[in-house]
> 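Below you'll find the structure I mean.
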2 protein chains.
Amino acid sequence: MRMENRDSEERMSLTARAYGEIRRRILDNEMPPGTMMLEQELAAMLAMSRTPVREALIRLANEGMVEVRPRHGMRVLPVSADDMAEIYQILTALESDAAAEIARTGLGPEELAALKGAVQEMEDALAADDLKAWARADGHFHTLLIEACRNKRLRALVYQFWDQTYRVRMLTLTLRPRPTDSNRDHQALVDAIERRDPEAAARIHREHRLRAGAMLVSLLRNGPTQL
Amino acid sequence: MRMENRDSEERMSLTARAYGEIRRRILDNEMPPGTMMLEQELAAMLAMSRTPVREALIRLANEGMVEVRPRHGMRVLPVSADDMAEIYQILTALESDAAAEIARTGLGPEELAALKGAVQEMEDALAADDLKAWARADGHFHTLLIEACRNKRLRALVYQFWDQTYRVRMLTLTLRPRPTDSNRDHQALVDAIERRDPEAAARIHREHRLRAGAMLVSLLRNGPTQL
DNA sequence: GCACTCGTTTGTGTATACGTAAATGAATAC
DNA sequence: GTATTCATTTACGTATACACAAACGAGTGC
């Protein structure tokens with residue numbers, strides 16, 4: 001049980017392990033924003049030498065998760081309201097374009113069914129007042145959608161920026177209003193894709209993300225702490 | 001004479017120098033697509049040890065310029081027609097969104113004047129049949145424009161993908177039709193920004209990039225070699 | 001108290017060392 | 001001539017070594 005996971009982890013390079021492990025700790029908030037750690041501390045924590053840690057940090061820094069400051073080690077980057085606004089502008093542009101492309105190309109019946117299933121998951125979670133499950137279903141929906149995009153570079157970018165919003169979304173989950181209109185958006189988006197209407201798909205997705213971004217930004221601006 | 005340049009280069013870290021130098025050689029086609037080099041060869045070429053070279057390669061690989069294959073060193077990535085299509089889809093989405101934002105925010109008179117100056121440069125170059133100068137002016141225009149975008153993450157992404165199209169644009173410069181309609185697009189875009197019309201700005205930029213992308217893709221598909 | 005100098009500590013940037021596994025090629029069998 | 005095995009080479013992944021410069025703090029002068 002879960003043997004394949006351990007196996008695959010064990011045959012990965014140390015650099016890859018360091019990257020995955022540090023990233024996981026940041027996303028899980030085990031290393032909250034602002035956390036500073038020296039290369040040596042990370043190396044000790046992960047039971048390896050500084051070399052693979054440094055290489056992992058270069059990637060994480062490129063992806064905007066951490067900052068490497070000359071003498072103070074790595075710092076887990078906080079996500080300010082302004083950062084969030086920037087990230088959502090990018091996600092909005094990329095994802096709405098992807099939605100248009102998907103609607104133009106069309107989706108197979110099983111893919112459409114999967115999307116509808118995810119929408120149903122969201123409805124169920126909302127009915128059960130299970131916000132955690134709702135967030136999972138929401139992630140599921142958007143993952144199914146973006147995976148249907150043929151552009152692998154675009155997919156990679158979207159995943160990268162999702163990562164950067166993950167912590168904030170998790171931590172604001174209980175602060176935001178019930179996501180009823182979010183569910184409505186998703187249903188409308190599936191409809192637009194099903195009827196092969198690229199303009200509508202792009203517009204719906206754009207407004208969906210603009211609204212989500214604006215809400216998160218305002219929560220961050222009014223909230224006490226910077227995440 | 002160019003002393004400041006040497007100085008700044010000399011106080012850079014070796015990793016930064018390796019990154020800049022390898023990137024330059026790739027963009028200038030001194031290391032054409034497909035070129036394979038071992039870490040040791042690069043290190044010898046740049047008169048440093050493998051360590052900074054490896055760190056530079058990690059960044060270059062993240063940015064999609066090279067591929068690092070376990071035992072064959074680094075390989076300068078070719079840009080296929082499909083790659084170009086992916087990159088232009090992303091640039092189209094990001095830049096047209098940036099154009100809309102700029103039109104919404106509005107530009108100061110000196111920024112508008114600079115843009116108009118760049119358009120004039122393009123006209124002059126085209127009149128003089130100087131394609132090199134035209135490409136420079138075109139780059140100048142789009143740089144001025146994207147620099148007006150407040151979103152630094154978006155700017156960085158656009159620069160990164162421009163880099164990846166640079167070689168192809170240079171090498172196809174003489175193969176493409178005279179860029180008269182390109183100049184017209186730029187003039188129309190400046191007008192849309194000046195009258196603060198975000199929808200028009202986005203639409204014009206979108207179509208401008210879609211056309212440019214389609215042209216490059218078709219040149220690559222019909223051309224003999226992959227760049 | 002406050003600024004300033006200078007020695008000390010420490011983290012990093014880079015070079016180097018080293019074991020391992022992939023690639024290569026020779027030698028053999030058919 | 002083709003396939004297979006095995007020894008050799010070699011490029012890489014990782015660990016370690018080391019010099020330097022930044023940060024820190026004690027001590028000094030005021």
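Worth knowing before you read on, the calculation uses all heavy atoms, side chains too, and leaves out hydrogens, waters and symmetry mates. Keep in mind that what you see is a predicted model, and the values were worked out from it rather than measured. All chains are named by letter (A, B, ...) in the order of the sequence lines, taking the proteins before the strands, and each is independently numbered beginning at 1.
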> Without decimals, in angstroms, what is the distance between Leu57(A) CG and dG11(C) P?
15 Å
> Roughly how many Å is it from CG in Leu14(B) to P in dT16(C), rounded to a whole number?
12 Å
> Whole-Å distance between dA11(D) P and Leu38(B) CG?
5 Å
> Starting at atom CZ of Arg54(B), determine the distance to atom P of dT14(D), rounded to an integer number of angstrom.
7 Å
> So Tyr88(A) and Glu95(A), side-chain hydrogen bond (donor to acceptor under 3.5 Å, both in side chains) or not? Walk me through it.
CA-CA 10 Å; Tyr88(A) 262 83; Glu95(A) 289 190 285; over 6 Å; no
> Met84(A) and Gln164(A): side chain to side chain contact (heavy atoms under 4.5 Å, CB included), yes or no, with the steps?
CA-CA 9 Å; Met84(A) 198 53 106; Gln164(A) 293 184 42; over 6 Å; no
> Ile58(B) has an atom CD1; how far is it from atom P of dC12(D), in whole Å?
13 Å
> Check whether the side chain of Arg71(B) and the base of dA23(C) form a donor-acceptor pair under 3.5 Å.
no
> Is it true that a side-chain atom of Arg155(B) and a backbone atom of Cys149(B) form a donor plus acceptor pair closer than 3.5 Å?
yes
> Pairing donors with acceptors under 3.5 angstrom, does anything connect the side chains of Thr172(A) and Arg176(A)?
no
> Can you check whether Thr51(B) has a side-chain N or O nearer than 4.0 Å to OP1 or OP2 of dT14(C)?
no
> Whether the side chain of Arg69(A) and the base of dG11(C) hold a donor-acceptor pair under 3.5 Å is what I'd like checked.
no
> May I ask you to say whether Asp97(B) pairs ionically with Arg206(B), meaning some side-chain N is under 4.0 Å from a carboxylate O?
no
> Side chain of Gln40(A), heavy atoms from C-beta onward: which of dA15(C), dG11(C), dT14(C) has the nearest atom to it?
dG11(C)
> Calculate the interatomic distance between Tyr19(B) atom OH and dG13(C) atom P; express it in whole Å.
18 Å
> Whole Å only: how far is the CG atom of Leu46(A) from the P atom of dT14(D)?
13 Å
> Counting any heavy atom closer than 4.0 Å, what does Glu39(A) reach on the DNA or RNA strands: base, sugar-phosphate only, or nothing?
sugar-phosphate
> Please state how far atom NE2 in His72(B) lies from atom P in dT10(D), giving the value in whole angstrom units.
15 Å
> Where the side chain of Glu55(A) is concerned, which of dT14(C), dT14(D), dC12(D) is the nearest nucleotide?
dT14(D)
> Using the closest heavy atom to pick a nucleotide of DNA chain D for each, name whichever of Arg50(A) or Ala16(A) lands nearer the 5' end.
Ala16(A)
